[in-house]
Amino acid sequence: FTTAMCSSSYNIIISSISNSIKKNENMDIEGARRANDLLAKLETNFKEGDDTLRPDTIIYNQVIDYWAKTQPVKGHYLYAREVLDRQISMYEEFKVRKCRPDILGYTSVIAACASTPFKSDTERQNAFDLAHLTFMECSKSKYMSPNDVTYGIMLKAVGRLLPKKEDKNRYAKTLFEICCSEGYLG
């Protein structure tokens, strides 16, 4: 007796990794890698023609979130963004409508950047640049826009990652004004 895996099976397995990781204060790095490997297997099998293994936004958001929460991994924010890029590709190139990126995935990448334990000014700047790029992409999207949480996380990235006070103040002021004009404050 054998059972075939479908995308729902992958979703359940990836979700179960989440539950075990959340119980561990050190955020099991191997859990993020396992979830990423499972997603890659799902993607490969779908691209090879198995339509029952169609990934969806929920699965991508779970894996992005795993990477976002594994701060001990050097460049964890890059892994989170790489998963988002794969999701964008699946949606745009492979026309998988269930994979359309949403604000949760974008916000999780920005959060990963904001939580980077920076060891150098270069790493700090790289994390900020990626947060800014990700924020701008979701701002320009035709199917989503930043929400109050996204603005808050981006403000956190500004505060933690921009080294010069005048840059922090200028960027934060602009971001705050946009947030107000969008109706999230004031």
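Among residues two or more places apart in sequence or in another chain, the side-chain hydrogen bond (donor to acceptor under 3.5 Å, both in side chains) test is passed with Ser108 by none. Every residue two or more places apart in sequence or in another chain that forms a ring pair (Phe, Tyr, Trp, His ring centres under 6.0 Å) with Tyr79 is listed here: Trp67. Here Tyr171 pairs with Phe128, His132 under the ring pair (Phe, Tyr, Trp, His ring centres under 6.0 Å) rule; sequence neighbours left out.
For Lys173, the NZ atom counts as loosely surrounded, since its 6.0 Å shell holds 12 or fewer non-hydrogen atoms of other residues, nucleotides or ligands. Within 6.0 Å of NZ in Lys47 there are more than 12 heavy atoms belonging to other residues, nucleotides or ligands.
Closest heavy-atom contact between Pro101 and Ile88: CG-CG1, 3.7 Å. Taking both residues in full, the closest heavy atoms of Ala112 and His76 are given as O-NE2, 3.1 Å, listed atom of the first, atom of the second, then distance. Shortest non-hydrogen contact noted between Leu53 and Phe46 is O-CB, 2.9 Å. Annotation for Ala157 and Ala131: closest pair CB-CB, 4.2 Å, computed over non-hydrogen atoms.
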Could you list the donor-acceptor pairs under 3.5 angstrom formed by side chains in residues 35-43, with sequence neighbours left out?
unit_1: Asn36; atom_1: OD1; unit_2: Arg86; atom_2: NH1; d: 3.0
unit_1: Glu43; atom_1: OE1; unit_2: Arg86; atom_2: NE; d: 3.0
unit_1: Glu43; atom_1: OE1; unit_2: Arg86; atom_2: NH2; d: 3.0
unit_1: Glu43; atom_1: OE2; unit_2: Tyr60; atom_2: OH; d: 2.6
unit_1: Glu43; atom_1: OE2; unit_2: Arg86; atom_2: NE; d: 3.3

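Judged purely by distance below 3.5 Å, without hydrogens or angles, the side chains of Arg100 and Thr57 never pair a donor atom with an acceptor atom. In the model, Asp129 has a side-chain atom that pairs as donor or acceptor with a side-chain atom of Gln125 under 3.5 Å.
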(message) Could you go through Tyr184 and Phe176, starting from their C-alpha distance and side-chain angles, then the distance that decides it, and tell me whether this counts as side chain to side chain contact (heavy atoms under 4.5 Å, CB included)?
(response) CA-CA 9 Å; Tyr184 291 109; Phe176 184 78; over 6 Å; no

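Under the 4.0 Å criterion applied to side-chain N and carboxylate O atoms, Glu30 and Arg34 are not assigned as salt-bridge partners.
Screening residues 144-158 for side-chain hydrogen bond (donor to acceptor under 3.5 Å, both in side chains) gives Thr107-Thr150, Asn147-Thr150 as the qualifying pairs, with residues at least two apart or on separate chains.
Grouped by direct or indirect side-chain proximity (heavy atoms under 4.5 Å, Ile/Leu/Val/Met/Phe/Trp/Tyr only), Leu130 sits with Tyr77, Leu78, Leu133.
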